[in-house]
Number of protein chains: 2
Amino acid sequence: MIRGGIGASMNFDGKDMPRKGARVKISDVSDALGLTKSTVSRALNHYPDISETTRTRVQAMADKMGYRPLSHAQAIRTGLVKSLGLVIQMGDHDAQRPFLSTFLAGLSEGASAEGFTLTIATSNSEQATLDTFKSMIRDHKADGFILPRTMVDDPRIALLRAADVPFVLFGRVAGAADLPSYDIKGGAAMHEAVQHLAALGHRQIAFINGGTQYSYAPTRADGFLRGMRDAGLSVNPALMAQDAVTIDQARVAADVMLAAPNPPTAIICAVDMAALGVYESAAACGLEIGDDLSVIGYDGIPEGAHVSPPLSTFAVDFKHAGLRLSNLLIRNIRGEKPTGLQETAAAQFLRRGSTGPAPHSQTNSKGGNYESEL
Amino acid sequence: MIRGGIGASMNFDGKDMPRKGARVKISDVSDALGLTKSTVSRALNHYPDISETTRTRVQAMADKMGYRPLSHAQAIRTGLVKSLGLVIQMGDHDAQRPFLSTFLAGLSEGASAEGFTLTIATSNSEQATLDTFKSMIRDHKADGFILPRTMVDDPRIALLRAADVPFVLFGRVAGAADLPSYDIKGGAAMHEAVQHLAALGHRQIAFINGGTQYSYAPTRADGFLRGMRDAGLSVNPALMAQDAVTIDQARVAADVMLAAPNPPTAIICAVDMAALGVYESAAACGLEIGDDLSVIGYDGIPEGAHVSPPLSTFAVDFKHAGLRLSNLLIRNIRGEKPTGLQETAAAQFLRRGSTGPAPHSQTNSKGGNYESEL
DNA sequence: ATCGTTTCCGAAACCGGTTTCGGCAAGGGT
DNA sequence: ACCCTTGCCGAAACCGGTTTCGGAAACGAT
């Protein structure tokens, strides 16, 4: 049987504008080469039973003709749709709003680098989130999932584990050492925050934690406590609060602390939003931030740089987080063992105007070297 | 040939947890019914040559067995991947950062209501955006695209038009009356802003526009000018600025205006971020916002409610926008004519503390009825 | 020269659906 | 009673790839 070598092979030029109907399929490539499509397929997928000569010949022709396999066509056989899933749970306190775009940028970049795309969905409640996961798994809309904002005893983990579908955690969670994860060392950051304040002479240091349902809360609280211990400071239970993730929630907590008999000279917040709430409380009390009261936040939201005085905080690189998370997930999808798919990164301390020497006390103003262990 | 009616048909229960390998395919359904898969397929897809009795019988069995067609399996034949594409261009001035999550929520909701998913990608430059579109089109990653932040003479439109792929604009653009679109009536909002300020006695009203490359800029400028004309006020060219989309850019523009011989008593900004820049400029000049200087923004960013005084602005419902956009796009994908796929919605004026009576002038304090025509 | 091994590719089945085509049986008209 | 629709479903091709299987040719060893 003689196959015509001519045919749909006139105008090759890779950087042409995409035109509908002009799609070149694998049989076009095989016909142009006088091979069968099975050979072309195996050549392109680096099967060992294809000689190096024909492999390069096939590759060259495929490139020349601008052939690109249809991912959903291969998916039907391979079972891989080449897509990463992300379910964003909205509602609760604006969630990751300020970072979402850069986070997505990182995820998208990491995904497309490996030929994957990003499939996202949103939900309004925890139940809706789980339902969304179920339907996405059932319909195989993604080969794996990224789980942002991990919680202690996260129901998503149980669901995905039972379904036996790959996923990666953004944030470590206790008792899940065998899962791929990426995390920012928030505990070390809180530790560093205490060191910084202690070096400035502060002794009454308060801590306003974030949502206790999130896995980061115990980690950051632990970092704070370790920092206090290492600095030789005693922890006043009245100067510790929880579940403050909005401005209002933190303002209320700070109001109580600042009205206490032994008010703090510095407040560390687990999230920047809470720090902004402390600003409001301080203003109401007539306290000057950075002078009468030092404040440290965490997250690095843009607003922090615009308030007065600018907020000292720990910047988290969400772009990089997304990049690493998608990479870890893809490697997990490809079969790598979860061990070795766990990474951490440090938050970067940004010393700005909201931290200063403790009032009414001589500081050992040594500038200080603030290192973060762990 | 006798097909066993037993087999993979033991545990049907729809709300079970998804288990790998337990997928029920169309042949399972047809076997259970003693039909062929072609009949089942046509029954499920409402082909006219299937009797109503068997159609309901098939539907019932499919539901009972929890059958869900694999979208990428049907895609290979139908050419539809049941996915909406969104390319987010980052970089320039944080872009739609504050609204991204709610916008995505709307898109996702509208998409999933019709069985579609959302495939997103990000890019850093206009060229990268176009390249991303090309590759997504080439690989058919989506059946259509949503174009946020349309620009005057938008290169994405030419690209998508040439590729003959469905898309919908967020924001109208001149000379594209035959394209599906959704838009917020920003011109009417600016008009209403002028009316509001005029009613408060202001006569020197400035206008700080956003990025002139965006299609909203001429629209809003036009609304402002019409408002001034309708209010019988003359426009001072020195009190009009452009391309202010960040706090810093707007601060610079406001600095110039407030130092001019005939300074404005009110400033209307095309975007909230610019309004926040005006706040900074006013503070530097010692002007009290809402008293010495009135300010109106547009967008309804959350920060606007927290500044002092709270910013009067026009709130845009981005959730609803996403909802409508995905609906319009899906209908366009399904073949509806672009005419009839064009919607607009009004921005809602939020009168807050940043607007007050004009200083040094008797106001006709009639509270005013602020309607928006067009 | 003979007989296994490799090396390398073609043929065909397969993945999970959709769509075209053709034919059988029931219904309708004369 | 006969023919012609019409309704309804089965058979098979098809979509664009991947993967298994088998065999021909080249190679190597005896």
Nucleotide [N], atom [atom2] - distance to [atom1] of [X] in whole Å:
| X | N | atom1 | atom2 | answer |
| --- | --- | --- | --- | --- |
| A/His140 | C/dG16 | NE2 | C1' | 13 Å |
| A/Asp28 | D/dG17 | CG | C1' | 13 Å |
| A/Asn45 | D/dG17 | CG | P | 11 Å |
| A/Arg68 | D/dG16 | CZ | C1' | 15 Å |
| A/Gln74 | D/dC15 | CD | C1' | 14 Å |
| A/Lys37 | D/dC15 | NZ | C1' | 9 Å |
| A/Arg55 | C/dC8 | CZ | P | 13 Å |
| A/Ile76 | D/dC14 | CD1 | P | 16 Å |

B/Glu109/B/Lys319 salt bridge by N-O under 4.0 Å criterion: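 A salt bridge is present here (some side-chain N lies under 4.0 Å from a carboxylate O).
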
**Asked** With sugar-phosphate meaning primed atoms plus P, OP1 and OP2, does A/Thr54 contact a base, only sugar-phosphate, or nothing at under 4.0 Å between heavy atoms?
**Response** sugar-phosphate

Please work out if B/Ser51 contacts a base, only the sugar-phosphate, or nothing of the nucleic acid, heavy-atom cut-off 4.0 Å.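 Answer is sugar-phosphate: B/Ser51 comes under 4.0 Å of backbone atoms only.
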
Subject >> Which nucleotide in D/dC14, C/dC9, D/dA12 has an atom nearest any side-chain atom of B/Arg77 >> reply: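 That would be D/dC14.
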
Per the atom types in the model, does the base of [N] pair as donor or acceptor with the side chain of [X] at under 3.5 Å?
| X | N | answer |
| --- | --- | --- |
| A/Lys25 | D/dG16 | no |
| B/Asp49 | D/dC8 | no |
| B/Arg42 | D/dG10 | yes |

Nearest nucleotide by nearest heavy atom, which residue falls closer to the 5' end of DNA chain D, A/Thr78 or B/Thr53?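 Result: B/Thr53.
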
Less than 4.0 angstrom between a side-chain N/O of [X] and OP1 or OP2 of [N], yes or no?
| X | N | answer |
| --- | --- | --- |
| B/Ser41 | C/dT18 | yes |
| A/Tyr67 | D/dG16 | no |
| A/Thr36 | C/dC9 | no |

Quiz item: Where is the tightest heavy-atom contact between B/Gly85 and B/Ala142, given as atom of each residue plus distance?
Solution: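 Minimum heavy-atom separation between B/Gly85 and B/Ala142: N-CB, 3.4 Å.
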
**Prompt:** For B/Ala60, does its backbone N or O pair with a side-chain atom of B/Asp63 as donor and acceptor, under 3.5 Å?
**Reply:**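 It does not hold such a pair.
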
Going by the angle between their ring planes, with limits at 30° and 60°, are B/Phe170 and B/Phe318 parallel, tilted or perpendicular?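 Perpendicular, since the angle between the ring planes exceeds 60°.
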
Just checking A/Asn45: does its CG atom have more than 12 heavy atoms from other residues, nucleotides or ligands closer to it than 6.0 angstrom?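 Atom CG in A/Asn45 is packed in, count exceeds 12.
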
